[in-house]
Amino acid sequence: MTSQYSVRADYDARTIVVYQAYAPAVADAALRAGRFTAPFSFRRMTWIKPSFNWLMHRSNWARKPGQTRILAVRITHEGWTEALGAAALTTGDPAVLADAPVHVQWDPERSPRGAALNHYSIQIGIGRTLIRTYAEEWVTEITDITPRARRIGELVRAGRTAQAERLLPPERILPVPAAVGARLGIGT
């Protein structure tokens with residue numbers, strides 16, 4: 001039986017895809033440079049999400065102000081593992097969380113129509129002490145998937161959910177090191 005707290009992601013042998021929603025200025029600069037650069041903020045936490053549906057719920061299918069551009073960001077498995085290794089749960093000890101360079105939050109996963117599902121999606125907040133490492137070392141590729149996200153959203157709004165689901169990025173259970181998983185509540 002699969003745990004309610006499993007990381008579901010699109011990944012290959014070397015990288016994992018995480019999603020982020022930005023304003024056009026941030027997305028355009030990142031796409032031009034092939035990496036995150038100003039006006040991306042290196043002074044505040046950035047949240048990465050391996051669940052496409054959860055980000056679509058959060059950004060209202062790329063229609064929420066400030067979140068109208070959807071980026072698929074490939075990061076190395078090493079970076080992902082480093083982030084999880086440095087993380088503290090947002091629901092844990094506040095003193096531990098205050099000192100943690102990475103925050104982990106679990107929220108109900110979403111269906112394409114936005115309904116809460118019976119398992120959870122992980123959100124990773126990368127803090128100021130690791131954000132340059134994320135942007136300059138972990139990120140291997142940034143792709144604008146806004147048109148795809150909007151097309152799927154249009155299909156969902158039109159009631160064509162089965163057709164929309166065929167366009168979703170693939171996601172499957174991503175194994176994590178046992179010690180990290182136990183600390184963050186991640187099952188398999």
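Atom set for the values below is all heavy atoms of this structure, side chains included, hydrogens, waters and symmetry mates excluded.
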Minimum heavy-atom distance between Pro101 and Ala86, given as atom pair plus value: CD-O, 3.3 Å
Check the pair Asn53, Ser51 against side chain to side chain donor-acceptor pair (under 3.5 Å), reporting the backbone distance first and the verdict last. CA-CA 6 Å; Asn53 280 344; Ser51 168; 5.9 Å; no
Applying side-chain contact (heavy atoms from CB on, under 4.5 Å), run through Tyr22 and Ile70 and close with a yes or a no. CA-CA 7 Å; Tyr22 286 107; Ile70 307 300; over 6 Å; no
Using side-chain heavy atoms (C-beta onward) and a distance below 4.5 Å, is Ile173 in contact with Val7? no
With a cut-off of 6.0 Å (strictly less than), are more than 12 heavy atoms of other residues, nucleotides or ligands near CZ of Arg14? no
Check whether any side-chain heavy atom of Thr46 lies under 4.5 Å from a side-chain heavy atom of Tyr134, and answer yes or no. yes
Measure the shortest side-chain to side-chain distance between Ile152 and Phe52 over non-hydrogen atoms and say whether it is less than 4.5 angstrom. yes
Evaluate Leu71 against Leu31 for side-chain contact (heavy atoms from CB on, under 4.5 Å), listing each step before the verdict. CA-CA 9 Å; Leu71 301 179; Leu31 291 162; 4.1 Å; yes
Any chance you could lay out the side-chain contact (heavy atoms from CB on, under 4.5 Å) test for Glu82 and Trp138, step after step, and finish with the verdict? CA-CA 10 Å; Glu82 184 177 340; Trp138 299 348; 3.6 Å; yes
Should Tyr5 and Trp106 count as side-chain neighbours, where that means a heavy-atom distance under 4.5 Å? yes
Can you find a heavy atom in the side chain of Ile75 that is under 4.5 Å from one in the side chain of Val18? yes
Do side-chain atoms of Ser111 reach the backbone of Ala115 as a donor and acceptor pair under 3.5 angstrom? yes
Distance col, row Leu84:CG vs Ile122:CD1, nearest 0.5 angstrom, shows 5.5 Å
Establish, yes or no, whether the cationic atom of Arg132 lies under 6.0 Å from the six-membered ring centre of Phe42 and within 45° of the ring axis. yes
Backbone N or O of Arg74 within a donor-acceptor pair of the Thr140 side chain at under 3.5 Å? yes
Steps toward side-chain contact (heavy atoms from CB on, under 4.5 Å) verdict (Thr146, Trp61): CA-CA 9 Å; Thr146 306; Trp61 294 98; over 6 Å; no
Please say whether more than 12 non-hydrogen atoms of neighbouring residues, nucleotides or ligands are located less than 6.0 Å from CZ in Arg69. yes
Same cluster or not: Leu155 versus Ile145, using hydrophobic residues (I, L, V, M, F, W, Y) connected whenever any side-chain heavy atoms lie under 4.5 Å apart? yes
For the student: nearest non-hydrogen atoms of Val176 and Gly181, plus distance: CG2-CA, 3.9 Å
Does a side-chain N-to-carboxylate-O contact under 4.0 Å join Arg172 and Asp10? no
Under a 4.0 Å N-O cut-off, is there an ion pair linking Asp107 with Arg58? no
Closest non-hydrogen atom pair between Glu109 and Glu171, with its separation: OE2-OE1, 4.5 Å
Quick one: closest heavy-atom pair of Arg157 and Arg150, and the distance? NH2-O, 4.3 Å
Indicate if Trp54 and Val156 have the same hydrophobic cluster label, given that clusters are the connected sets of ILVMFWY residues with side-chain heavy-atom separations under 4.5 angstrom. no
Contact check, side chains of Ile126 and Trp47, non-hydrogen atoms, under 4.5 Å: no
Evaluate the side-chain proximity of Ile186 to Ser3: yes if any heavy-atom separation is below 4.5 Å, no if none is. no
Shared hydrophobic cluster, Ile48 / Leu184 (ILVMFWY, side-chain heavy atoms < 4.5 Å): yes
Minimum-distance pair of heavy atoms, taken over all atoms of Pro175 and Tyr11: CD-OH, 3.7 Å
If you look at every heavy atom in Pro108 and Tyr120, which pair is closest and at what distance? N-CD2, 3.6 Å
With a 4.5 Å limit on heavy-atom distance, are the side chains of Arg63 and Met56 in contact? no
Rounded distance [0.5 Å steps], OG1 in Thr68 versus CG in Asn60: 11.5 Å
Find the distance between NE2 (His57) and CZ (Arg113) and round it off to the nearest 0.5 Å. 13.5 Å
In Å, rounded to the nearest 0.5 Å, how long is the span from CD of Gln105 to CD of Gln123? 6.0 Å
Is it possible for you to say whether Leu55 and Ile142 belong to one hydrophobic cluster, with membership spreading through side-chain heavy-atom contacts below 4.5 Å? no
Under 4.5 Å between side-chain heavy atoms, hopping through other hydrophobics if needed: is there a path connecting Leu89 to Met45? no
Euclidean distance, Gln20 CD relative to Lys49 NZ, rounded to 0.5 Å: 6.5 Å
Mind checking salt bridge (Lys or Arg N to Asp or Glu O under 4.0 Å) for Arg148 and listing every partner two or more places apart, or none if nothing turns up? none
Any donor-acceptor N/O pair, Arg151 side chain to Leu167 backbone, under 3.5 Å: no
